[in-house]
There are 2 protein chains.
Amino acid sequence: MQIHSEILENKGIRPSVQRVRIFKFLMKSKEHPTVEMIFNALLPEMPSLSRTTVYNTVELFKEVGLVQVLDFGRGVLRYDADLSPHSHFECERCGAVYDLDIKPQDISKKMPRGFKVHQTYFYVFGLCSHCKKNEKN
Amino acid sequence: MQIHSEILENKGIRPSVQRVRIFKFLMKSKEHPTVEMIFNALLPEMPSLSRTTVYNTVELFKEVGLVQVLDFGRGVLRYDADLSPHSHFECERCGAVYDLDIKPQDISKKMPRGFKVHQTYFYVFGLCSHCKKNEKN
DNA sequence: TTCTATATTTGTAATCATTACAAAATTAAA
DNA sequence: TTTAATTTTGTAATGATTACAAATATAGAA
Ligand SMILES: [Mn+2]
Ligand SMILES: [Mn+2]
Ligand SMILES: [Zn+2]
Ligand SMILES: [Zn+2]
């Protein structure tokens with residue numbers, strides 16, 4: 001309760017009710033939620049919440065470095081408050097996203113001369129164990 | 001001319017004029033073009049070309065395994081006829097896309113039990129050498 | 001070659017996630 | 001309080017992609 005709003009303040013943004021709730025949700029979620037998932041999850045407890053606020057907030061969080069944005073090429077962005085170096089797996093059957101304990105390889109040696117690296121993303125696609133099992137149809 | 005249409009036939013699709021032109025363009029392009037870029041490039045030489053045909057065609061190419069689709073999170077997809085294992089760099093300033101001679105690391109050992117890997121994508125973001133130089137504003 | 005069925009292309013309309021915008025509500029500070 | 005700045009909200013616009021059906025082209029039969 002306290003901790004979350006302090007984190008927001010440390011990033012120089014006002015810890016409004018909406019921002020704190022959205023941040024808390026992102027911190028505890030393991031599903032790398034979309035804006036729609038965040039909105040649907042919080043709506044029952046904050047009936048006046050606007051989708052636009054969720055969009056504004058995750059954009060703000062991205063800007064100040066509180067979340068990373070993941071794009072699995074499905075036309076929807078997903079958000080991850082875990083900023084430690086890790087990679088992501090998306091199941092092509094059920095759409096679930098899993099964390100992979102794989103640090104992006106060190107690429108500094110292999111970059112063309114004069115290039116500056118800011119961010120790296122490693123995406124893996126395939127079938128999760130559950131969908132692999134039921135690989136009938 | 002011949003070669004390209006044969007490649008399409010080998011994939012089981014009819015080498016129509018539009019498909020061959022689009023495929024040739026993708027083969028020689030180094031810029032990882034979007035649908036819009038393909039459309040604009042070919043329109044002068046085929047004035048009746050429809051954007052929809054470009055969309056249909058790149059989707060078909062993806063399905064039969066002639067191209068890979070890249071998503072740099074800008075809301076537009078880019079297409080790459082180079083299927084060899086390599087990675088991609090996008091300049092956050094100028095938006096240019098570069099090939100990186102980096103093979104995605106072998107991750108088979110690090111996958112959770114029962115998972116099946118189909119595809120991997122390694123994306124790097126930062127500044128290209130040209131934009132790094134002019135890093136004024 | 002013509003005919004006919006099938007495949008492809010085309011243009012337009014719909015979809016849908018995201019963004020723009022301005023009014024309403026909230027907050028901080030005077 | 002009063003006031004100014006910030007934030008939230010709802011609705012309208014945007015823009016890439018997809019759906020759809022009519023028009024065109026192609027392959028194969030006759
Ligand atoms: Mn994650
Ligand atoms: Mn490439
Ligand atoms: Zn699955
Ligand atoms: Zn650049």
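Chain naming here is simple, since letters A, B, ... match the order of the sequence lines and numbering starts at 1 in each.
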Checklist entry - To the nearest angstrom, how far is A:Leu43 atom CG from D:dT9 atom C1'? => result 13 Å

Checklist entry - For A:Arg19 and D:dT7, is the shortest distance between a side-chain N/O and OP1 or OP2 below 4.0 Å? => result yes

Checklist entry - Where do B:Phe39 and B:Tyr55 land on the ring-ring contact (aromatic ring centres under 6.0 Å, His included) test, with the steps shown first? => result CA-CA 9 Å; B:Phe39 176 71; B:Tyr55 275 107; 9.3 Å; no

Checklist entry - Do the side-chain N and O atoms of B:His88 and B:Asp80 include a donor-acceptor pair separated by under 3.5 angstrom? => result yes

Next on the checklist: I want to check one thing: is the phosphate of C:dT10, taken as OP1 and OP2, less than 4.0 Å away from some side-chain N or O of B:Thr53?
Outcome noted: yes

Checklist outcome for this item: Which of A:Asp99, A:Val69, A:Asp82 passes side-chain contact (heavy atoms from CB on, under 4.5 Å) with A:His32? It is A:Asp99

Item to check | A:Phe115 ring center within less than 6.0 Å of B:Tyr98 ring center | outcome: yes

Next on the checklist: Using a 6.0 Å cut-off, check whether atom NE2 of B:His130 has over 12 heavy atoms from anything other than its own residue.
Outcome noted: no

Next on the checklist: Does A:Arg51 reach a base, just sugar-phosphate, or nothing at all? Heavy atoms under 4.0 Å.
Outcome noted: nothing

Checklist entry - Can you find a side chain N or O atom of B:Tyr55 that sits less than 4.0 Å from OP1 or OP2 on D:dT17? => result yes

Item to check | B:Leu49 CG to C:dT10 C1', straight-line distance once rounded to whole Å | outcome: 9 Å

Checklist entry - Could you give the CG-to-C1' distance, from A:Asp71 to C:dA17, as a whole number of Å? => result 11 Å

Item to check | Contacting residues from residues 30-37 of chain A, given that a heavy atom lies under 4.0 angstrom of DNA chain C | outcome: none

Next on the checklist: Let me spell it out: for each of B:Val17 and A:Val76, pick the nucleotide of DNA chain C with the closest heavy atom. Which residue's pick is nearer the 5' end?
Outcome noted: B:Val17

Checklist entry - Rounded to the nearest Å, what distance is computed from the CD atom of residue B:Glu63 to the P atom of nucleotide C:dT8? => result 13 Å

Next on the checklist: With a 4.0 Å cutoff (strictly under), does any side-chain N or O of A:Gln18 reach OP1 or OP2 of C:dT26?
Outcome noted: no

Item to check | Neighbour count above 12 (heavy atom, 6.0 Å) for B:Asp101 CG | outcome: no

Checklist entry - CD of A:Glu59 versus P of D:dT6: gap in Å, rounded? => result 18 Å

Checklist entry - Atom CE of A:Met46 to atom C1' of D:dG10: distance rounded to whole Å? => result 16 Å

Next on the checklist: Using OP1 and OP2 only, check whether a side-chain N or O of A:Ser48 sits under 4.0 Å from D:dT9.
Outcome noted: yes

Checklist entry - How is A:Ser16 classified with respect to the nucleic acid when contacts are heavy atoms under 4.0 Å: base, sugar-phosphate, or nothing? => result sugar-phosphate

Checklist entry - For A:Arg14 and A:Thr52, take the nucleotide of DNA chain D holding the closest heavy atom to each; which residue's nucleotide lies nearer the 5' end? => result A:Arg14

Next on the checklist: Could you tell me how far apart B:Leu77 (CG) and C:dA17 (P) are, to the nearest whole angstrom?
Outcome noted: 15 Å

Checklist entry - Taking CZ from A:Arg74 and C1' from D:dT18, how many angstroms apart are they, rounded to a whole number? => result 16 Å

Please list every donor-acceptor pair under 3.5 Å in which a side-chain atom of residues 8-22 of chain A meets a protein atom from a residue at least two apart or in another chain.
from    : atom 1 : to      : atom 2 : distance (Å)
A:Asn10 : ND2    : A:Glu6  : O      : 3.3
A:Ser16 : OG     : A:Arg19 : N      : 3.2
A:Arg19 : NH1    : A:Arg14 : O      : 3.0

